[in-house]
Protein chains: 2
Amino acid sequence: MVKQGPGASRNGGGAKGKRARVTLHEVAQEAGTSRSTASRALGGHGYVAGHIKERVHEAAQRLGYVPDVSARTLKGRSSRVVGLLVSDLRNQFYAQLAAGVEQTLSDAGYQVVLVDDHGREERAADGARAFLAMRADGVLLAPVGRPATEILVDHGTPVVEVDRRSGVRGCDVVAIDSENGARDAVAHLLELGHREIAVVVDETKWATGKDRLKGYRVALREARVPYLRRRVLDLALRDRDGEAEDAVGALLDANPEVTAVFAANNVVAELVWQELKRRGRTVPDDCSVVSFDDETWMRMVEPKLTAVRQPVFEMGSRAATLLLERVDSGRGRAETHILQPELVVRGSTCRAGLRE
Amino acid sequence: MVKQGPGASRNGGGAKGKRARVTLHEVAQEAGTSRSTASRALGGHGYVAGHIKERVHEAAQRLGYVPDVSARTLKGRSSRVVGLLVSDLRNQFYAQLAAGVEQTLSDAGYQVVLVDDHGREERAADGARAFLAMRADGVLLAPVGRPATEILVDHGTPVVEVDRRSGVRGCDVVAIDSENGARDAVAHLLELGHREIAVVVDETKWATGKDRLKGYRVALREARVPYLRRRVLDLALRDRDGEAEDAVGALLDANPEVTAVFAANNVVAELVWQELKRRGRTVPDDCSVVSFDDETWMRMVEPKLTAVRQPVFEMGSRAATLLLERVDSGRGRAETHILQPELVVRGSTCRAGLRE
DNA sequence: TTCTCACATGGCATCGATGCCACATGCCTT
DNA sequence: AAGGCATGTGGCATCGATGCCATGTGAGAA
């Protein structure tokens with residue numbers, strides 16, 4: 001009755017701390033059936049007599065059996081794994097995004113493999129290849145370069161881009177209407193009578209930065225306020241310590257007429273805030289500030305920041321949902337979901353002209 | 001020459017969008033060798049003639065071959081996957097921790113599978129089982145209940161607990177010296193002449209909360225200041241909307257003699273800060289505040305918060321390093337690393353007695 | 001009683017990569 | 001010249017789960 005499988009002898013090895021993995025084979029043996037029957041009993045497919053089913057479950061429980069996903073993935077189609085690539089988890093924006101993604105996916109029984117590329121394209125591409133190697137059922141990409149997207153799409157992996165559009169065909173996109181949000185923010189300043197408005201951006205290569213800058217220009221145009229190049233600061237590539245701070249400081253110093261600043265994201269807003277403080281300029285009396293993206297600190301400081309609130313967590317879960325739709329029901333056409341941000345007016349903006 | 005393997009026919013299927021996976025077998029065929037030779041050529045093990053090696057690499061490149069980790073994991077020992085379980089990614093603390101972990105592990109060629117249990121033990125246990133199923137080489141656990149640790153340790157998976165000690169034997173621990181940090185923070189207040197000091201904690205079940213409360217008591221005792229139960233607020237289980245806020249408010253209102261508050265972590269500090277503001281109490285003149293844990297907002301607000309700075313990112317990478325040591329070199333004994341926090345004195349604390 | 005059908009079960013091939021082992025090849029030694 | 005050794009190479013079993021398919025069992029019908 002106690003048949004010994006070919007691999008059974010390895011159990012006899014020195015008890016080097018942990019005992020060997022429990023396999024389905026052992027469970028079946030314990031329950032006195034064959035592997036296939038045990039598989040059916042646990043999986044709930046096909047016919048298995050009630051008492052046998054019960055016996056198998058008991059055996060599995062007793063031995064602490066945990067099915068091996070590698071084997072299952074190898075045999076079947078799905079790995080139940082989704083890749084998530086972000087560019088900086090220390091940035092609250094990405095952390096929230098990741099949280100939203102994780103929640104939705106784990107509710108749906110998927111595991112999330114996280115890669116943080118720290119903004120480096122090469123690393124993003126490596127991550128993409130790793131996802132491929134794991135046979136990830138799908139991948140979510142938050143701002144990174146084109147290569148990662150291309151690698152994945154080329155290999156037929158469903159991709160959802162979050163908060164950016166690489167332009168690669170065939171992948172879903174979930175993004176914020178940056179242009180609109182930026183326009184609202186700047187329009188708000190204009191309504192308050194500001195005419196000399198500076199803008200600080202991170203980058204202008206990708207949709208996020210480009211569109212926000214565009215929104216700024218559109219708002220100005222609509223109000224027939226001239227667009228001045230010297231009031232625009234693009235911090236792209238100023239990664240060195242203090243370089244970005246200096247650039248923001250220089251912008252403020254070189255344009256003393258400026259009465260309001262539009263910061264295109266949370267990182268930039270932080271810089272602007274600090275540099276204004278350092279110069280002893282009061283917000284909003286000396287200078288109004290609007291931020292694109294609303295984070296914890298903006299609600300803690302005094303005055304609280306007027307900001308364009310993005311539903312970040314929701315964006316993550318929305319993207320995850322979109323991906324699941326694609327994976328589960330095999331939707332073919334790529335979809336683009338644009339979420340609308342919302343301007344939250346708080347204390348960092350006030351009427352212009354209170355200065356002199 | 002063109003031998004057809006048993007599975008080759010499936011390539012003929014309808015070109016349903018994506019082409020089939022490229023296997024090692026196909027690469028070998030393309031290069032005109034056998035699977036094993038191709039494996040050796042790519043893996044760099046054993047003898048392969050130079051020109052063959054080259055040919056195989058070219059073929060792999062041309063076909064876009066990506067080895068299947070499932071198969072590799074199934075055959076070999078290691079999955080090159082590490083699990084990371086955190087209790088709330090939206091909390092900057094955990095996000096930073098995760099970032100530190102991710103960096104170290106991905107540098108070492110491991111993939112990080114992220115699970116966020118939102119503080120629910122059941123979910124943590126599910127996560128643990130998922131890690132087991134994936135044959136994770138190791139797991140990092142940030143504050144969660146005991147069950148998850150037990151499940152993993154029982155199955156022989158190396159575990160490193162970060163920022164907590166469940167007490168389960170056999171797992172490594174990386175933590176902050178909470179007691180010391182809390183003592184320093186409270187001692188600082190005492191040196192400034194404060195005698196009526198309140199403390200707010202999240203929980204007192206686990207090491208983090210318990211030790212910080214202990215540090216508070218020790219500092220008081222050392223200064224021969226009586227410990228009053230009513231100045232201690234434990235927010236455990238007050239999860240409902242507004243409940244925690246109300247409790248903090250009640251503490252402040254019920255103890256008007258209090259001239260300083262020690263907040264045991266970032267979440268609690270936020271509440272304290274907000275409630276003080278809401279009551280129109282000026283920091284630090286009306287009430288000094290010290291926080292355990294130093295986050296972005298604490299450096300943005302005015303006055304900047306005096307805080308016990310924890311090397312969070314480093315804690316993550318340290319934990320990851322510890323885990324890798326265990327996994328790679330099979331270290332047997334469990335280690336406990338205690339990192340020392342550092343009190344950063346800023347503007348939220350001042351001498352007592354300026355009030356009347 | 002025997003034949004049929006519905007239901008239950010175990011054998012076996014499969015997924016893709018790996019590495020041992022047996023074999024083949026070429027070179028050098030005696 | 002023949003054996004031995006060093007160096008490459010391919011066949012094959014293996015990892016664990018899965019599910020098809022061919023068998024086995026029992027009940028019910030003719």
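Letters A, B, ... mirror the listed sequences (proteins, then strands); counts begin at 1. Note that the structure is a prediction, hence the values are computed from the model and not measured.
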Determine, step by step, whether A:Glu26 and A:Thr23 satisfy the side-chain hydrogen bond (donor to acceptor under 3.5 Å, both in side chains) criterion, reporting the C-alpha distance in whole Å, the side-chain angles of both residues, the deciding distance to 0.1 Å, and the verdict. CA-CA 5 Å; A:Glu26 285 158 301; A:Thr23 74; 3.3 Å; yes

The side-chain contact (heavy atoms from CB on, under 4.5 Å) partner of B:Leu141 among B:Leu152, B:Val168, B:Asp163 is B:Leu152

On DNA chain D, more 5' by nearest nucleotide between A:Leu24 and B:Thr33 is B:Thr33

Of the listed D:dC12, D:dG10, C:dA13, the closest approach to the A:Arg35 side chain comes from C:dA13

Closest to the side chain of A:Lys75, out of D:dG10, D:dA17, C:dT9, is D:dA17

Side-chain atoms of A:Leu74 come closest, of D:dT18, C:dT18, C:dC15, to C:dC15

- Query: Closer than 4.0 Å, any side-chain N/O of B:Thr37 to the OP1 or OP2 of D:dT9?
  - Reply: no

Regarding the side chain of A:Arg72, the nearest nucleotide among D:dT18, C:dG10, D:dG16 is D:dT18

Per side-chain contact (heavy atoms from CB on, under 4.5 Å), A:Pro158 is matched among A:Leu323, A:Asp172, A:Asp137, A:Leu322 by A:Leu323

*asked:* Please determine whether a side-chain nitrogen of the Lys or Arg among B:Arg120 and B:Asp117 lies less than 4.0 Å from a carboxylate oxygen of the Asp or Glu.
replied: no

Quick note, A:Pro67 side chain, CB onward, closest among C:dT18, C:dG10, D:dA17 is D:dA17

Practice task
State whether the distance check finds a donor on one side and an acceptor on the other, under 3.5 Å, for side chain B:Ser36 versus base D:dG11.
Solution key: yes

The bend of the helix from C:dT1-D:dA30 to C:dT30-D:dA1, taken between the axes of its five terminal pairs at each end and rounded to 10°, is 70°

Per nearest nucleotide of DNA chain D, the residue lying toward the 5' end, A:Arg40 or B:Arg40, is B:Arg40

task = Could you check if a side-chain atom of B:Leu105 sits within less than 4.5 angstrom of a side-chain atom of B:Leu140, using non-hydrogen atoms only?
result = yes

